[in-house]
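Working notes, beginning with the structure itself.
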Amino acid sequence: MTFLIQQTLIYAVPLMIVALAGVFAERSGIINLALEGIMIFGAFVGVLFVNLTQQSGIFDAAKEAGNWVALQGFEILAMAAAALLGAVFSLLLSFASVNLRADQTIGGTALNLLAPALVLFLIRIIANQNILQMAQGDAASWFMLKKSFFGYGRGDDMGFFGETFINKTYLATYLCILLFVLLSILLYKTRFGLRLRSCGENPQAADSLGINVYKMRYAGTTISGALAGMGGFVYALTTAHCASTGDVAGFGFLALAVMIFGNWKPGNIAASALLFGLFKCIAASYSSIDINGDGVFLLSEIGVSPHVYRMLPYLITLLVLAFTSKKSRAPKAEGVPYDKGQR
Amino acid sequence: MKEKLSDLYAKDGTKTVLASVLSILIGLAMGSLIILVVGLANPNLGISGAWDGIRLTFAGIFSTGRDAAGALTFGFNSTNLGNMLFRATPLILTGLSVAVAFKTGLFNIGAPGQYLMGTAATLVIALSIPSGTMPGVMVWLLAFLGGTLAGALWGCIPGLVKAFLNINEVLACIMTNWIAANLVTWIFDGSKFRNLVENTKSGYIYKTTYALTQVDGVWTYVDGKGVSTAKMGLDKIFPGSQVNGGILIAIAIAILIYILMSKTTLGYQLKACGANRHAARYAGIADRRNIVLSMAIAGALSGAAAALYYLSSNTEFFWSTYQSLPATGFNGIPVALLAASNPIAVIFTGCFMSMLDIVGLQLTNLTAYNEYITDVIIAIIVYLSAFSLMIKLFLTGRKKRRAQAPVSESGGAQGAPAPEDGTRQEGGGQA
């Protein structure tokens with residue numbers, strides 16, 4: 001059970017935060033199809049930051065001394081770097097779709113093509129192979145939270161709560177959940193959020209009330225880029241052992257599906273992200289899931305092909321969309337370039 | 001003469017071509033810039049390495065390797081040109097696939113999935129028929145049509161859910177892509193089609209040149225008993241390359257699609273749905289049927305791309321593909337965008353994209369750079385084509401100003417032609 005919950009969270013949290021990234025862009029009126037590309041770019045930047053910082057030896061002393069608080073700070077810095085450059089990368093999309101009134105779907109596709117190409121080009125030149133890893137050690141030994149940090153011994157039991165939510169988890173997961181809550185409040189309970197959402201529903205009306213639609217759309221897409229970049233690094237850190245390969249296994253697109261399934265509302269998105277995280281977790285580790293702890297790995301013993309489990313997340317997405325699409329309500333003005341002269 | 005030139009310039013088609021050429025040049029220039037920056041930052045490459053890289057980026061297709069002194073040499077290279085045509089074959093067809101969907105107002109990002117399903121069907125059919133039961137031409141035809149049909153059926157799925165459930169086709173396509181990737185792996189996992197004869201080819205499916213043959217009463221796969229696309233004399237023109245008759249078939253299909261879209265009622269109906277689905281319905285056109293049909297045609301073209309590629313006798317399919325999607329499918333998008341969805345133009349842009357492919361190979365083989373730079377160039381070109389309408393407006397505006405037209409600024413915007421090319425105007429917000 002502990003294993004199942006931890007694994008589900010690991011997959012659900014990047015989905016959740018990247019789906020929220022999609023919400024910020026679409027609520028301001030820009031379709032951000034580039035989430036996948038921005039995630040790939042963010043993952044690369046974060047890993048590169050970790051790699052270069054390790055090479056310069058800044059955190060070596062902290063690692064030697066077992067100063068885990070400093071190492072968590074290092075992790076947060078890497079997340080910030082990924083977020084920053086993710087935001088910069090997303091400016092390409094906002095520039096094309098706000099200033100040049102380009103087709104947002106094609107602009108997003110271009111970024112989705114650009115990110116893996118650029119990342120792989122650079123990784124090849126930096127690392128001479130198709131994968132960029134940490135310069136030393138692994139994600140678990142540097143960043144993972146462990147029992148010993150809180151004064152427990154190796155054999156001590158932290159209780160169900162401690163074992164599930166503290167031991168062998170990453171701080172990044174909880175930071176993302178915190179950010180998710182804070183940003184949802186920003187979007188729904190503040191003046192800025194209301195203005196941003198109005199630009200995605202009726203930009204002409206918003207403009208007539210003195211809101212700068214262009215600025216708001218830039219703000220929405222930039223927040224979206226920052227969140228997607230950070231989500232990309234969190235994905236690389238927690239599921240890919242802090243390595244960048246120019247690929248996030250379609251998580252950006254899955255996040256888009258989560259967003260649509262969640263009807264562009266944070267609460268629903270959190271719930272659907274958990275559902276998809278569960279299916280992703282089953283697909284990735286169906287053979288080692290022991291639901292009630294009796295040593296029987298049920299999912300691998302009922303004789304269903306592993307291919308079925310791997311297909312499930314995508315199949316379920318399609319089915320779920322089929323049943324919910326009639327009720328879903330996208331922001332009205334999304335995808336339409338704002339033209340001041342238009343009525 | 002001068003009069004005629006300006007007439008030609010004023011034509012909408014000319015501006016589309018100019019916009020595409022401009023996008024290509026900017027893309028290549030940006031790629032060169034990246035090569036230069038990386039070269040200067042990397043002491044192993046330096047300015048001379050960067051210069052080699054830039055020359056190869058622009059003229060890699062004519063590269064003939066390095067001479068004894070280590071300098072790059074250029075000239076006519078039949079291997080490169082033939083391989084360019086060979087690689088252009090699937091790209092032209094996936095480009096057509098995306099272009100047809102664009103004309104109907106749909107964004108077919110599902111080409112990789114349709115391509116995979118086409119691959120699976122082609123290989124299963126070609127490898128299931130024992131040698132000697134029917135003529136090779138029949139086997140080839142069955143495999144080709146089977147691949148095309150599989151692609152069409154797979155393309156129908158996003159079309160159906162778009163038409164009847166109003167699910168965003170982009171999302172549906174992406175999901176069907178990954179389902180196809182898993183399904184194809186499942187089909188071949190443990191099947192008899194896996195290559196067990198050649199040790200170095202484990203993980204691959206037999207080429208279609210193999211066929212089930214009875215040797216001493218036991219059915220085994222034997223090379224040379226199967227089928228492959230006829231060379232149609234092209235191997236004489238481009239000796240030492242992989243080219244075959246597939247490129248001629250692809251060009252013929254492109255011409256057929258051009259006729260279908262521009263000269264028939266069906267093509268008109270499809271385009272009407274793309275321009276305005278609701279207006280088309282008001283005019284008595286079955287919009288749902290046309291959306292499904294358009295996606296089926298698009299899927300069939302992607303399936304045909306896969307069939308021609310894997311029937312060529314020098315390609316092998318890596319079957320455990322559930323973690324990745326074929327790049328050929330995605331590269332259909334830039335091919336179609338660059339051609340402004342014109343089926344005839346797709347032939348040329350397909351060749352251009354495959355030329356970039358060859359350039360990438362030359363860069364990997366001859367310099368310390370790698371082939372991914374050409375993907376970067378392609379991405380930049382797609383990015384630019386997202387606002388090709390703006391580039392066209394810019395070209396129009398420049399012309400107007402030069403001609404000292406009385407209304408320069410707003411005249412340019414007003415005089416802009418209706419976007420009858422790939423740039424979609426309607427938002428894709430429905431899901």
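Residue numbering restarts at 1 for every chain, and letters A, B, ... go by the order of the sequence lines. Basis for what follows: all heavy atoms, side chains included, without hydrogens, waters or symmetry-related copies.
In this structure, B:L325 CG and A:D247 CG are separated by 9.0 Å, a value rounded to the nearest 0.5 Å. Going from atom CD1 of B:I34 over to atom CG of A:L122 covers 8.0 Å, rounded to the nearest 0.5 Å. Atom CG of B:L183 is separated from atom NE2 of A:H307 by 10.0 Å, given to the nearest 0.5 angstrom. In this structure, the separation between CZ on B:F107 and CG on A:L33 is 7.0 Å, given to the nearest 0.5 Å. Rounded to the nearest 0.5 Å, atoms CD1 (A:I260) and CG (B:L171) are 4.5 Å apart. Atoms CD1 and CG, from A:I125 and B:N370 in turn, are 5.5 Å apart once rounded to the nearest 0.5 Å.
Of the listed residues B:D189, B:V161, B:I109, the one with more heavy-atom pairs under 4.5 angstrom with chain A than any other is B:D189. Residue with the most contacts toward chain A among B:I373, B:L384, B:I378: B:I373 (heavy-atom pairs, distance under 4.5 Å). Ranked by non-hydrogen atom pairs under 4.5 Å with chain A, the options B:I377, B:V376, B:N182 are led by B:N182. The choice from A:A96, A:P116, A:G107 that makes the most heavy-atom pairs within less than 4.5 Å of chain B is A:A96.
Among all heavy-atom pairs drawn from B:A386 and A:A102, the shortest one is O-CB, 3.5 Å. In this structure, B:D375 and A:A117 approach most closely via the heavy-atom pair CB-CB, 3.2 Å. Residues B:I333 and A:T109 come closest through the heavy atom pair CD1-CG2, 4.1 Å.
The closest side-chain heavy-atom distance from A:L254 to B:M175 is below 4.5 Å. Under the 4.5 Å side-chain criterion, counting only non-hydrogen atoms from C-beta, B:Y372 is not in contact with A:I123. The side-chain heavy atoms of B:N177 and A:F253, taken from C-beta on, include no pair separated by under 4.5 Å. When side chains are defined from C-beta on, B:T176 counts as touching A:L318, because their heavy atoms get closer than 4.5 Å. Counting only heavy atoms from C-beta outward, the side chains of B:W186 and A:V308 approach each other to under 4.5 Å.
Of the two parts of A:N130, only the side chain, counted from C-beta on, holds a non-hydrogen atom closer than 4.5 Å to a non-hydrogen atom of chain B. For A:N128, no part lies under 4.5 angstrom from a heavy atom of chain B. Proximity to chain A (any heavy atom under 4.5 Å) is restricted, for B:I174, to the side chain, taken from C-beta onward.
When atom types are taken as modelled, the side chain of B:Y383 and the backbone of A:L92 share a donor-acceptor pair closer than 3.5 angstrom.
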